[in-house]
Student: 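Got a structure for you, questions after.
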Amino acid sequence: MQLNTLPTDNLYKFCSIFGLMLIIFNTYYNFEMKSSSIQKAIELEGEIKKYEFDKRQFIRKNVDLKERYINANRELKLLIKYTNSLNRQIKENNTSQHKIYKDILNFNSHSQTKNRRNLDSLNNIVFNANKIINYQAIEIATKKKIIQNENSKILKYSLFLNVGSILGFILASYGFYNWRKLELLRNN
């Protein structure tokens, strides 16, 4: 088969139809990809807002717990100071008040133990609250990183798809132009 006898009109039809398909596919996929990524970004932003709100709530609770811890610690120190004072008075006075002082001292000792347990539990609560705050900060940073990653992916794919659409337009234009030109030559 010689080069002059090739069925070029079919080649031009193929170029024009393939170019149109490229344009349609790339445009559709570009919009579809952007809309799904935007939806995902909105969902992630919502999760970030929720985590940030929870983080603020935990920080407020944490501050309250730290204040309670400081107050309880202050009360414990005062109780220890008072107990030590009573101990000195008991050693100095061996009077009838000795039994009363001993009872007060036992009560104070019991209160110190109870306050120490409360301080320990408050300390554990503060520690766990801090741990939760840190985990939520990590979650927020991770979600923000995912959004940045999605945006960069969208940019890369959009560039690729836009180049495909341009190539499709060039191919379709070339095919339609030469097909029309060939039809005009046949009609003349």
Student: Enter the distance from Asn26:CG to Ser158:OG here, rounded to the nearest 0.5 Å.
Tutor: 10.5 Å

Student: Look at the side chain of Ser35 and the backbone N and O of Glu32, then say whether any donor-acceptor pair between them is shorter than 3.5 Å.
Tutor: yes

Student: Name all residues meeting the salt bridge (Lys or Arg N to Asp or Glu O under 4.0 Å) criterion together with Lys34; count only those two or more places apart in sequence or in a different chain, and write none if there are none.
Tutor: none

Student: Would you list the pairs meeting side-chain hydrogen bond (donor to acceptor under 3.5 Å, both in side chains) in which at least one residue belongs to residues 159-168, sequence neighbours left out?
Tutor: Asn30-Asn162

Student: Identify, with sequence neighbours excluded, every residue that meets salt bridge (Lys or Arg N to Asp or Glu O under 4.0 Å) alongside Lys153.
Tutor: Glu150

Student: Donor-acceptor check, side chain of Asn149 to backbone of Lys145, threshold 3.5 angstrom: yes or no?
Tutor: no

Student: How many angstroms lie between atom CG of Leu155 and atom CG of Leu159, to the nearest 0.5 angstrom?
Tutor: 7.0 Å

Student: I need the minimum non-hydrogen distance between Cys15 and Gly175, along with the two atoms involved.
Tutor: CB-CA, 3.9 Å

Student: Is there side-chain contact between Tyr177 and Tyr12, with heavy atoms separated by less than 4.5 Å?
Tutor: no

Student: Going by ring pair (Phe, Tyr, Trp, His ring centres under 6.0 Å), name the pairs with one or both residues in residues 146-170, residues two or more places apart or in two chains.
Tutor: none

Student: Rounded to the nearest 0.5 Å, how far apart are OG of Ser36 and CZ of Phe31?
Tutor: 13.5 Å

Student: How far does NZ of Lys40 sit from CD1 of Ile146, to the nearest 0.5 angstrom?
Tutor: 6.5 Å

Student: Rounded to the nearest 0.5 Å, what separates atom CD in Gln39 from atom CD1 in Ile42?
Tutor: 6.5 Å

Student: CG of Leu11 to CG of Leu182: how many Å apart, nearest 0.5 Å?
Tutor: 10.5 Å

Student: Looking at side-chain heavy atoms only, is the closest gap between Leu20 and Phe176 below 4.5 Å?
Tutor: yes

Student: If hydrophobic residues (ILVMFWY) are linked whenever their side-chain heavy atoms come closer than 4.5 Å, directly or via other members, who joins Ile166 in its cluster?
Tutor: Ile170

Student: Taking only Lys NZ, Arg NE, NH1 and NH2, and the carboxylate oxygens of Asp or Glu, determine whether Glu183 and Arg186 approach each other closer than 4.0 Å.
Tutor: yes

Student: Could you tell me whether the side chain of Phe25 reaches within less than 4.5 Å of the side chain of Tyr28, counting heavy atoms only?
Tutor: no

Student: Share the residues that join Leu184 in a hydrophobic cluster, the rule being Ile, Leu, Val, Met, Phe, Trp or Tyr side chains under 4.5 Å apart at the heavy-atom level.
Tutor: none

Student: Is Met33 close to Leu161 at the side-chain level, that is, under 4.5 Å between some pair of heavy atoms?
Tutor: yes

